[in-house]
Amino acid sequence: MTSTAVDADALARCADEPIAVPGAVQPHGVLLAVREPGLDVVVASANAAALFGRPVRGATLDELLDAAEAERLRAGLADELAEVNPLRVTVGGEDVDLVLHRADGLLLTEWEPVRGAAQAGPEWHRRLPTVLQRLSAATTLGQLGEVLARDVRAVTGFDRVMVYRFDRAWNGEVIAEDRRADLEPFLGLWFPASDIPAQARALYATNWMRLIPDARYERVPLEPPVAPGSGRPLDLSGAMLRSVSPVHLEYLANMGVAASMSISLIDRGVLWGLIACHHYAGPNRPSYTDRVAAEFLGRTASLLLPTLGDAGEQAGVVEVAQRQAELAAAIGRTPRTPAAALTGGEVTALDLLPADGAAVRLGGRLHLLGTTPPADRVLPLVTALRAAGVTATDSVGRVVPGAADLAGTASGVLLAEVAGGRDDFVAWFRPETLREVTWGGNPYTSKTAQTDAGPRLSPRRSFAAWSETVRETSRPWLAHEVAAAGRLAALLTEAAVNRASEDNRLAGALQRTLLLDRLPEVPGVDLAARYLPSQEDVVGGDWYDLVPLPGGRISIVLGDVAGHGLAAAAITAQLRHALRAHLLRAPGPGAALDGLNEVIGALLPGELATAVVAELDPATGEVVIASAGHLPVLHATAGAAAFLHEGRGPALGLLDVAGYRETRLRLAGDDRLLLFSDGLVERGPGGLDAGLAALRGAVAAGPVPPKALLDAVLATLDPPGTDDITLLAVART
Amino acid sequence: MLFDVQRTTVAGRPALTVRGELDIATAPQLAEAAEAVFAGSPAALVVDLTPTEFLDSSGARSLFRLARRAADEGVAFHVVAPRSNRPIRLPIDLMELDSVMPIVNSAGELPAAAVGREGT
């Protein structure tokens, strides 16, 4: 077994330890469990007879108290027990504080002699209003802690009172301390989470106060060990006399602590920290009343925790909500350009929450804000986090080992994905914080000791301060920050969906104007057209046109603008109308394309389109063809087909002056011309070459009439619907 | 099919090697990667399409825009597209992209002695 396994085993054993049902109490009082309403004693601590001067089992409390006290007790049972506690009674001539609570269906009575208890005296209690005022006047955790430590020490008389706060891993940091002047300070020390095991923390979240007046006490067993009725040892989780774990006593002894007390600090139901009190000079037992006063301070401080500036998990919640509203408003004002709204305004995505850098990727474009990893590392990092299913980490190297070198800018990454299939996201980055942690003793030294029952935890013997530097960890992302990031991403997703559906509606409308409702009747010409929109529900950049020219000729146009969507559809509309104008004016298709090329160069720099124009004279069958970077026109004759590779020039937009050449042919008999867009041929198996060959084969083998020919071509090639597809066929009649 | 743009070095020049299909869906990634290279003010930029499997008009447009950007910034720009890579070379030739950017058949055809301002 490795040492780690031993340790884990011992820790598990410790977690199993029945701290709520130890079957024993501490000796500074007596516990009697009685059955109501007879108040007959069914379980008693073994020291009961000594206090009462007689055996108590089988007796009733009426027999153990005088008549008047018994009367007060019975009257109190009808009330809230907390209101009754403590009931000052006299037992064997001694003043005793009687404290009541119910558990396991029994009334648990705890009898604590007043003699031997330290009394803070009435003076302190008269000062309570001032103390409460000081507590509520604290504006920082540090101030609150100082008031708590000082006044809890004043009322309880412990040598040292520490206020400590748990981090997320349940390590405790001493944030305030009041101590006897000769003691070394513990302020700033960290106590490892293993010092207070999980089941103890669970108990502390409901039970506000624990006291061990003498850490070297002998436990006093309960008799009988198993409570009649329940068949289990008595549940002492609410008992002030509960005997604690021997492991804990060993721990106190190792620290030289002779007496201890702790009070929970609970923030909205969650254990936030502790007021931990140590006494070194010897036993220390503050009176019940003084303990209640100290607990009252702890409860009051707990209520104040959420109102302080550094409110732990809730830190900055108001500011983050405010920024989120501002960003949402900015996106709402310019829903079409959310990236500009998030990166260009007075409040940017980086301002949403405390972070050193942010990356906004929208529409596939990356924008960086603040201090971030290099641009080319951001997308791979985000992709790797997505693959690991992680959206928030304060130590990226532990999730993506290859990104550990980014700890200087992005040890912490908070990722919010924007849906829409374009790998869009918003991410925030925090650098590693080099944190010096001073532990109260080395938390990594072995803590296990072999016993008959197997390995058991043996609390650290060395309390020499031990520091380590915690690297490659950033400030953690708080739950409300993660939620705010998610809401921003959801907003962006919604904006993108709205935009896409609106774009599609607009682009669809635009494209319907580009495609002809009905082909014009041109005497002597048999013309067919097929347009298949992309199955991916985006509008493509294909267009076709038939432009009747003076003198009976007709220009047949097929073009394709690079890109998809509304932008491409808008450019397509402009090109179509510009080409129409140039076709009507220019001496031939080559010159018309020259004109169109100039339009793009001047008005649409950076855009790219291809187009082919076939100008047919139906009377003679003469055709003049010019192509701007487009796929070749297919010339079909009886039983054969050939691509025309002449009459070409570069794609539209590439050159300022293109100079398109023309080629001529005569359309005779059953000859047909086929114009088509790349969607028909480029995506099949074997690529463009194979697509063109398949098209030529299908046309050569296909029927003569243009409409039937196009249907046959589509059936044979069966192109995938990833792009839009346009086909035109023309023949003479 | 997986698409990926990697920063590489071709004939001693900063390069982007494009794998998979360069089309409307992936062209923005090439543009983004190029943006990162331009940010380092390189003397030269090579786009290596040797392992590229598909090129559509949107992919061609992204090359065109890179060529313009490179010209504006005085960056020597080349595209490597082997004639044997027909699915890439055919659309390049049809659109006559070589009218606006030097397209070479292999890294060996790149003019020698490009003095890079940075190594990668």
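Residue numbering restarts at 1 for every chain, and letters A, B, ... go by the order of the sequence lines.
Considering only heavy-atom pairs separated by less than 4.5 Å from chain B, the leading option among A/Ala658, A/Gly653, A/Ala690, A/Gly686 is A/Gly653.
B/Ile24 touches chain A through its side chain: at least one heavy atom from C-beta onward sits under 4.5 Å away, while N, CA, C and O do not. For A/Pro605, the parts lying under 4.5 angstrom from a heavy atom of chain B are both the backbone and the side chain. With a 4.5 angstrom heavy-atom cutoff, B/Ala60 touches chain A via backbone and side-chain atoms both. When heavy atoms are compared at a cutoff of 4.5 Å, A/Leu379 approaches chain B solely by way of its side chain, counted from C-beta outward.
The side chain to side chain contact (heavy atoms under 4.5 Å, CB included) check on A/Ala375 picks up A/Leu366, A/Leu368, B/Ala36, with sequence neighbours excluded. Under the rule for a side chain to side chain contact (heavy atoms under 4.5 Å, CB included), the partners of A/Val681 that lie at least two apart in sequence or sit in another chain are A/Leu631, A/Phe676, A/Leu688, A/Leu692, A/Leu695, A/Leu717. In this structure B/Ala33 satisfies the side chain to side chain contact (heavy atoms under 4.5 Å, CB included) test together with B/Val5, B/Leu16, sequence neighbours excluded.
Separating the CG atom in B/Leu63 from the CG atom in A/Leu654 is a distance of 10.5 Å, to the nearest 0.5 Å.
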Could you list every donor-acceptor pair linking chain B to chain A (distance under 3.5 Å, backbone and side chains)?
from    : atom 1 : to       : atom 2 : distance (Å)
B/Arg7  : NH1    : A/Asp376 : OD2    : 3.3
B/Glu21 : OE1    : A/Arg683 : NH1    : 2.7
B/Asp23 : OD2    : A/Arg683 : NH2    : 2.7
B/Glu32 : OE1    : A/Arg361 : NH1    : 2.6
B/Glu32 : OE2    : A/Arg361 : NH1    : 3.0
B/Ser58 : OG     : A/Gly563 : N      : 3.1
B/Arg61 : NH1    : A/Ala562 : O      : 3.1
B/Arg61 : NH1    : A/Glu607 : OE1    : 3.1
B/Arg65 : NE     : A/Gly606 : O      : 2.7
B/Arg65 : NH2    : A/Gly606 : O      : 3.2
B/Arg65 : NH2    : A/Glu607 : OE1    : 3.2
B/Arg65 : NH2    : A/Glu607 : OE2    : 3.0
B/Arg86 : NE     : A/Asp689 : OD2    : 2.5
B/Arg86 : NH2    : A/Asp689 : OD1    : 2.7
B/Arg86 : NH2    : A/Asp689 : OD2    : 3.3
B/Leu94 : O      : A/Arg648 : NH2    : 2.9
B/Met95 : O      : A/Ala651 : N      : 3.0

